[in-house]
Structure formats: C-alpha cells, structure tokens
Number of protein chains: 2
Amino acid sequence: MQTEISQTDKSRDRILSSAALLFCEHGYAGVSMRKIAENCEMKAGSLYYHFTSKDQILTEVLNIGIQKVHAAVADALSDTPKDTLAIDKLRRAVSGHLHALLENSSFTSANVRIFRQVPEEIQLSNLDVRRAYEALWEKFLIELKEAGHLHANVDPRSLRLMLIGALNATLEWFDPKLGEISELADRYTNILANGMLRERNL
Amino acid sequence: MQTEISQTDKSRDRILSSAALLFCEHGYAGVSMRKIAENCEMKAGSLYYHFTSKDQILTEVLNIGIQKVHAAVADALSDTPKDTLAIDKLRRAVSGHLHALLENSSFTSANVRIFRQVPEEIQLSNLDVRRAYEALWEKFLIELKEAGHLHANVDPRSLRLMLIGALNATLEWFDPKLGEISELADRYTNILANGMLRERNL
DNA sequence: GTCTATACCGGGATAGAC
DNA sequence: GTCTATCCCGGTATAGAC
C-alpha cells in the first residue's frame, strides 16, 4: 500500500495549481514560466524537471479542469432516488457544475476562460475529456426528454449548449465571497426550468 | 459637408479591425504589434503613428465592442409597436445581441473573450460604456416586470446576468457559417421565455 | 529536486530617412 | 504616413553545479 505523497508529486501539484490560477486570470500567453515559478516559490529552471514545456503544463491544466467538473456533476446525479423530481435532478447537476467552476479549484475556470485561445493542437488534445463531459449532460437531458419532462420543441443538444454556456458565463461576474453558490444555482435552475415569462408563448 | 474618409482614418480602422480579430482569436497577450501590422499589410513601426501604445489600441477595441452591441440592441428595441408581445420584444433584443456578437465585426466578440484578462486599469476604462449597455437591458427587463410579464420570483438583475451570459457563451461554439443566427435567437428566446420543463415547478 | 547562468528569440517602443 | 534600424526587456528553454 503506497499512500505517501512524494516531494516530486507535491511540487508537480503546486506547479499545476499555480499555472491554472494564473492562466485563468491573465490568459495563456499572459503568463510566463517565471511567474508560474514565482507563484510556487521556485525558480523558472526548476519547472523543467517536472514538465518538458509550458505547453505540457497547459495541456494538463485543461484536462484536469474538465475532469473535475465531470466528477462533480456525475456525483451530483448518481445517488438520486428513483422518484426524484426532474427539477431537483436539474438543480443538483447545475449546482455541481457551478461549485466546480466557482470554488475550490481554478482548473475548471482556467479551461473555460482560455480554451478557445490556445493553439489548435492543444485544443484537440482536450477533446476526448470534453466529449465525455458533454455526453454526461446529453444523456441526462435525453432521459428527461424521453420521460416526457421537456417541452416538445426543446432539442437536448441546443439545450445543453445553452445551459452549460449560461453556467460558464457566471465566471465573468460571480464572486463566491459575495454570494452563495447554492442560491445562484437555485435562481438559474428556476429560470431554466420555468422560464422568465408568466404567459406561455408558442 | 465633410464626408471623405482620409487615408489616416482608413489606416486607423484597418488597424483596429485587425487587432480586434486577433485579440479575439489569441487573447491580448497572445497578439504582438508585429502581427497586427502584418495583418493589415503594414510594418510594426507604422502603428505608432496612429496609436501611442498597444494598450491604447486595446482600449479602443474594447469600447467599440460594447458600443456596437449597444447600438444593435437599442435599434432592435426602438421602433416596436406599442402592442408588441413581451416575447417578441425579447426575441428582438436577443437577436440584436447575437447578430452583433457573431457576425460582421470582431469588436464585440473580442471584448467578451478578453475583458477579464486585460490589466485592471483598462477594464476600468471600459466600465462606463459597459454600464450604459447593462442599463439598457435592465430598463427593458424592469419594464417587463412592472407590466406583470415576469414570474414573481424572477429578479431583473439576476435575469440580465444570466441572459447576457448565455448569449455571450454562444461565441464559444456557434459558427455563423454553419447555422442561422435567427434560428439560434429563436431557440434561446423560447427557452428563456418558457423554460425547458413541461411541469410548472415552484 | 532545485539552483544559477546563459543562449537565443521575439516582445513593445523610438528615431530618423523617405 | 510608412518605412528601416535599433534599443532594451523579458520570453522559453537548456546545461551543469549543488
């Protein structure tokens, strides 16, 4: 049984966390190896013992970012009783995504912020984990549709893109020090589920 | 009457358009003065005849980005007949925002992509135009609320943040060459207005 | 594993010719 | 108005001491 964490692993993690935070704040090109090193109290040259290049750090940050939010939403959707209301399942998934995005780690937020600005080859290396996460939501929404919970003219794919887009955009303005993530999740769930208008419009 | 466009003005516009496009694609720090110059068939030194610094170009790009989307939405909301349905006004505003964001110019999309990553002082210099645009939406949504068109538990400010966030996020995946913006606007308007679930949930 | 020192390149910006 | 030439800084990455 091997549960000790080596010094190497600790340094690796510190480097990745620092990079994620800085990428999120200043963009990929706006962050230098020197600043990443400074942020974890090392010197720039030392980073190359753990990673072969800045691109490799970036690639790992992007992958971890999706894996974390995937795990959060999968957990939120897993142990729900059979008779859970559709809106409550939705609320759990929304809440899981928002927590992963807005608190704890910067990996998910770094991914959301910089994905489209990094070199295309690196975007491609992030596609597998992205598709797996998209499939998780798609499966959930298709099940709602087939159980008759969605309006007839709502397409699961379009809905997923809008929904995740709306959640990701909270990154631009929401400050977890000033507001409760659970309340945010409730408000978003309410509007997504019931809409904003009182009259039903076709 | 002075309608001629001087060579100076033409060059200025080309520089700003090139910068907007490149900022949008690669982020602020990811774009060099040399690349901006190359993109409008000039040399880097020439840019400094028109602008004193890269930051000045950035500042103008950000301001123009908001001004364009503001004008588009203001136009969409202006000449509507008095008896226009709430959902139709919403559709017009949504459509105006999406057209400004996804076609024609890169100024608005550059703003959405890079705003949070630029130096704080430059974010501050963009605040006035941003607040004016936010006020346009807020006014529209408060009028809907006071006319009794919004659900009681829907707060105009939260709604605005969610709504504009959802629209801005389309930038990450929508390709105007592959889909119709008007159809996108319809789908978003429908879900925002009526929600996704058939059952009404409180 | 982390350091210092350094190579080499491309960044923003300026000066002065045309 | 645009060019070329150049300055100085900070970028990524490597080599070798400790």
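Bear in mind the structure is a predicted one, so any value in this text is a computation, not a measurement.
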Near DNA chain C, under 4.0 Å by heavy atom, which residues of residues 46-56 of chain B?
B/Y48, B/S53, B/K54

Just list the side-chain donor-acceptor pairs under 3.5 Å for residues 166-179 of chain A, sequence neighbours left out, or say none.
unit_1, atom_1, unit_2, atom_2, d
A/N168, OD1, A/H97, NE2, 2.8
A/T170, OG1, A/L167, O, 2.6
A/E172, OE2, A/R113, NE, 2.9
A/D175, OD1, A/K177, N, 2.8

I need the CD1-C1' distance between A/I15 and D/dT12, as an integer number of Å.
15 Å

Taken in chain and number order and not counting sequence neighbours, the residues that satisfy side-chain hydrogen bond (donor to acceptor under 3.5 Å, both in side chains) with A/S95 are A/H99

Taking salt bridge (Lys or Arg N to Asp or Glu O under 4.0 Å) as the cut-off, I'd like each qualifying pair that reaches into residues 7-20 of chain A, sequence neighbours left out, listed once.
A/R12-A/E60

Main-chain N/O of B/Q7 paired to B/S11 side chain as donor or acceptor, under 3.5 Å:
yes

Can you name the ring pair (Phe, Tyr, Trp, His ring centres under 6.0 Å) partners of B/Y188, sequence neighbours left out?
none

Keeping to residues at least two apart or across chains, list the salt bridge (Lys or Arg N to Asp or Glu O under 4.0 Å) pairs with something in residues 41-55 of chain A.
none

Sequence neighbours left out, what pairs pass salt bridge (Lys or Arg N to Asp or Glu O under 4.0 Å) with at least one residue falling in residues 136-153 of chain B?
B/E138-B/R160, B/K139-B/E143

Whole angstrom is fine here: how far is it from CG in A/L58 over to P in D/dA13?
12 Å

Close residues, residues 19-44 of chain B, relative to DNA chain D [heavy-atom separation under 4.0 Å]:
B/M42, B/K43

Considering only distance and modelled atom types, tabulate donor-acceptor pairs under 3.5 Å from the side chains of residues 63-85 of chain B, sequence neighbours left out.
unit_1, atom_1, unit_2, atom_2, d
B/N63, OD1, B/N126, ND2, 2.8
B/S78, OG, B/D75, O, 2.9
B/T80, OG1, B/L77, O, 3.4
B/T84, OG1, B/P81, O, 2.6

